[in-house]
Amino acid sequence: MKEIMQNKNTFTRIILSSLIVTLLSCNNLDLSPISSYNAESFYKTQSDFKLAVTGLYDKLQDLHSYSYYPFCLEARSDNVNTETVYDAGLCSQFVDNETTSSLAGMWQYLYQLVDRSNAILKRIDDATFTNEDYRKYYKGEAYFMRGYAYFQLGFLFGGVPLVDSQKNADEIKTIVRSSLDDTFAFAAKDLSQAATLLPATWPATTELGKATQYAAKGFLARMYLFQKKYSDAKPLLYDIISSGKYVMATNFGDCFIDKYDNSAEHVFQIQYMSGNVGEGNVLPVVSAPESIKSDLFPQGGGSPYLHVAYDLYNSYSSVDIRRDWTIQKGYTNKSGGVDNVTCFYIKFAHGTIPATKDDYEVNLPLLRYTDVLLMYAEVLNELGYSANSESFTILNKVRSRAGLAAQTSTDLPDQASFRTAIFNERRWEFAGEFIRWFDIVRSGNAVSIMNTFLARAENGSNRYNMKDTQTIFAIPQYELNINTDRTVIWQNPGY
């Protein structure tokens, strides 16, 4: 295990050296192009592209800092009640709009990821490489990141402008918003290309945690599930399962402890490294109340933090080990006062406690093997329900690890009941991993699910409500201010 940690640190240290990439890339759609002199003098050698590609992973860290994906997307779901404050609170209350800064930050970071990928793809074929395999691999990483970015942009904002190469600001302003179908098709093409270029594994001694062909296939399959393209998703998920490279962690808690980072449970993680070098994970501590004092949080929690819904906590079986690993109900504050009711996430706080409370070592999973298995079970059911089939085997494997009894066709006698079982299992398994909103939207029942949830007393008894246009977020106002041509870019309905 020490060797794994050392290898992880080797890769993460490269990220510390990637600041030059920030200077060589556009920051978002509205900025002027990079200096051609600086860019052209940098993208010359294999080592240049290694550094440039590492800058892509650095941008993923930015995107998944607590105020963006982890907070706003988790808050959007029925996992978090409306007491949460700041931008996460706006999302939980469905009162966010085109001026909500964290949502604008998501747009900006995703387009930065697109721009950095385009910079690599524009120049890599003309560069000098000592190992041609790495030219292919680095291209694969750029396609992976660009495909991932457009998948997320489509899911979050609907159809968006497709910037397929580096362009200057005036050129970007002429790119008309694409449809959601075209946005997803572009993402699918990139992720498919990435799957053909990326290796099955990377050298663990130097490049642990980088995207593989299986990560590309996994995210492509996830997007296909969103589109209900189950036949397209099935072979991709099967390839991951049949590769023999992944296994479910024996214990649920092992999925979230830094000692087991980059284990076979994880198809793709965002890498973090403690040591006060600016690469630590802040999510574990900012998920808990600022005033808490406990063994898990000896230095207190953060502000703001997510107020986990009683609806989620109470939905677990009392014997489901995932509940008490994921959520803590009640706490003692630094003054000795006791709160018996507040619920909050502790999912990522069980490992090594860092010297500085916002500097955790633990990685952040973006795609777990358990997710691959549950997606595959879902696909099998959608393509044709079969009593006590492989889909049941997968479901019960996940339930068994959680300490729950197996379910049979007596419990789940048809396709609809199995679909509901998978939907619920995913909520319990992935709570706090900010994919619940994704699952709610793709279910097609977002409005009814959320308005039922918002009608509960813990959410102000119908004080808030979701409109049917709020399955996507508003296009950021600053983007609309920069490009005032509404035949090119326009606001989403309802905002």
Side-chain angles (χ1 to χ4, degrees), residues 1 4-5 8-9 12 60-61 64-66 69-71 73-74 77 79-80 208-209 215 218 246-274 279-288 292 294-299 301-302 305-306 308 312-313 316 320-329 331 343-354 357-374 397-404 425-436 438-439:
M1 194 57 61
I4 291 178
M5 295 303 296
K8 172 185 172 181
N9 291 351
T12 311
L60 272 188
Q61 278 191 356
H64 291 84
S65 62
Y66 77 94
Y69 265 44
F71 268 38
L73 286 197
E74 193 69 15
S77 73
N79 284 354
V80 174
L208 189 69
Y246 305 98
V247 294
M248 277 179 56
T250 302
N251 302 307
F252 175 73
D254 292 350
C255 304
F256 315 104
I257 295 180
D258 54 290
K259 183 169 64 173
Y260 300 108
D261 279 348
N262 300 303
S263 71
E265 166 74 28
H266 298 290
V267 182
F268 188 65
Q269 291 182 296
I270 295 179
Q271 305 290 305
Y272 290 96
M273 181 177 70
S274 63
E279 295 296 326
N281 187 351
V282 68
L283 183 61
V285 72
V286 299
S287 296
I292 192 172
S294 69
D295 290 342
L296 282 183
F297 304 101
Q299 303 168 75
Y305 71 96
L306 295 177
V308 172
L312 171 60
Y313 184 85
Y316 284 93
D320 191 332
I321 65 172
R322 295 174 296 193
R323 184 192 70 180
D324 292 341
W325 187 275
T326 301
I327 304 167
Q328 181 172 322
K329 185 176 183 180
Y331 68 99
C343 293
F344 53 94
Y345 286 127
I346 57 172
K347 195 168 204 173
F348 296 99
H350 297 277
T352 305
I353 297 173
K357 70 177 184 177
D358 59 355
D359 192 42
Y360 281 76
E361 184 82 29
V362 65
N363 287 346
L364 198 61
L366 294 193
L367 181 62
R368 292 201 277 124
Y369 185 56
T370 303
D371 192 358
V372 171
L373 291 174
L374 285 175
K397 184 176 183 180
V398 176
R399 289 177 61 83
S400 176
R401 184 173 70 178
L404 300 177
E425 208 66 49
R426 289 181 63 83
R427 187 187 190 192
W428 301 321
E429 178 73 22
F430 304 117
E433 297 177 55
F434 44 92
I435 59 175
R436 174 64 174 172
F438 177 85
D439 283 346

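Just so you know, these numbers use all the heavy atoms, side chains as well, and skip hydrogens, waters and symmetry mates. Just so it is clear, the structure is predicted and the values come from calculations on it, not from any experiment.
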Seminar exercise, completed: Phe434 meets the ring-ring contact (aromatic ring centres under 6.0 Å, His included) criterion, sequence neighbours left out, with His64
Seminar exercise, completed: Applying side chain to side chain contact (heavy atoms under 4.5 Å, CB included) to Ala249 and not counting sequence neighbours gives Asp254, Cys255, Glu265, Arg401
For this session: Mind checking the CZ-CD1 spacing from Phe256 to Ile346? Nearest 0.5 Å is all I need.
Result: 11.5 Å
Exercise. For Lys329, which residues count as a side chain to side chain contact (heavy atoms under 4.5 Å, CB included) partner, sequence neighbours excluded?
Worked result: Tyr313, Cys343
For this session: List in chain and number order the residues that pass salt bridge (Lys or Arg N to Asp or Glu O under 4.0 Å) with Asp371, two or more places apart in sequence or in another chain; answer none if no residue qualifies.
Result: Arg222, Arg426
Exercise. Less than 4.5 Å apart, any side-chain heavy atom of Phe438 and any of Leu73?
Worked result: no
Problem set entry | Check against side-chain contact (heavy atoms from CB on, under 4.5 Å), Ile270 and Leu366 | CA-CA 7 Å; Ile270 295 179; Leu366 294 193; 3.9 Å; yes
For this session: Determine the minimum heavy-atom distance between Leu374 and Val398, stating which atoms define it.
Result: CD2-CG2, 3.9 Å
Exercise. Which residues pass the side chain to side chain donor-acceptor pair (under 3.5 Å) test with Trp325, sequence neighbours left out?
Worked result: none
Seminar exercise, completed: salt bridge (charged side-chain N to carboxylate O under 4.0 Å, His left out) test vs Glu429 passes for just one of Arg322, Lys347, Arg323, Arg436, namely Arg322
Problem set entry | side chain to side chain donor-acceptor pair (under 3.5 Å) involving Thr352 - partner list, sequence neighbours excluded | Asp258
For this session: Taking all non-hydrogen atoms of both residues into account, name the closest pair between Gln299 and Pro354 and its distance.
Result: NE2-O, 3.1 Å
Problem set entry | Results of ring-ring contact (aromatic ring centres under 6.0 Å, His included) for Tyr345 - residues two or more places apart only | none
Problem set entry | Straight-line distance of Ser287 OG to Leu296 CG, nearest 0.5 Å | 11.5 Å
For this session: Kindly give the heavy-atom pair with the smallest separation between Tyr369 and Tyr246, and that separation in Å.
Result: CD1-CB, 3.4 Å
Exercise. At their closest point, which heavy atom of Val362 faces which heavy atom of Asn281, and how far apart are they?
Worked result: O-ND2, 3.0 Å
For this session: Starting at OH of Tyr272, measure out to CG of Leu283 and round the result to the nearest 0.5 Å.
Result: 7.5 Å
For this session: Please identify each residue that fulfils ring-ring contact (aromatic ring centres under 6.0 Å, His included) with Phe297, with sequence neighbours left out.
Result: none
Problem set entry | Close side-chain approach of Val372 to Leu367, heavy-atom, < 4.5 Å | yes
Problem set entry | Arg399: partners by salt bridge (Lys or Arg N to Asp or Glu O under 4.0 Å), with sequence neighbours left out | Glu425
Exercise. Among all residues two or more places apart in sequence or in another chain, which pass the side chain to side chain donor-acceptor pair (under 3.5 Å) test with Lys357?
Worked result: none
For this session: Drop me the distance from Asn251's CG to Ile321's CD1, to the nearest 0.5 angstrom.
Result: 7.0 Å
Problem set entry | Residue pair Leu364, Phe348: steps toward the side-chain contact (heavy atoms from CB on, under 4.5 Å) verdict | CA-CA 8 Å; Leu364 198 61; Phe348 296 99; 4.0 Å; yes
Problem set entry | All salt bridge (Lys or Arg N to Asp or Glu O under 4.0 Å) counterparts of Glu74, not counting sequence neighbours | none
For this session: Hey, could you give me the CZ/CG distance between Phe252 and Asp320, rounded to the nearest 0.5 Å?
Result: 8.0 Å
For this session: Go through the structure and list residues passing ring-ring contact (aromatic ring centres under 6.0 Å, His included) with His266, not counting sequence neighbours.
Result: none
Problem set entry | Rounded distance [0.5 Å steps], CD in Gln271 versus CG in Asn262 | 4.0 Å
For this session: Heavy atoms only: give me the nearest Val285-Tyr360 pair and the separation to one decimal.
Result: CB-CE1, 3.8 Å
For this session: Please name the pair of heavy atoms, one in Phe344 and one in Ile292, separated by the smallest distance, quoted to 0.1 Å.
Result: CZ-CD1, 3.5 Å
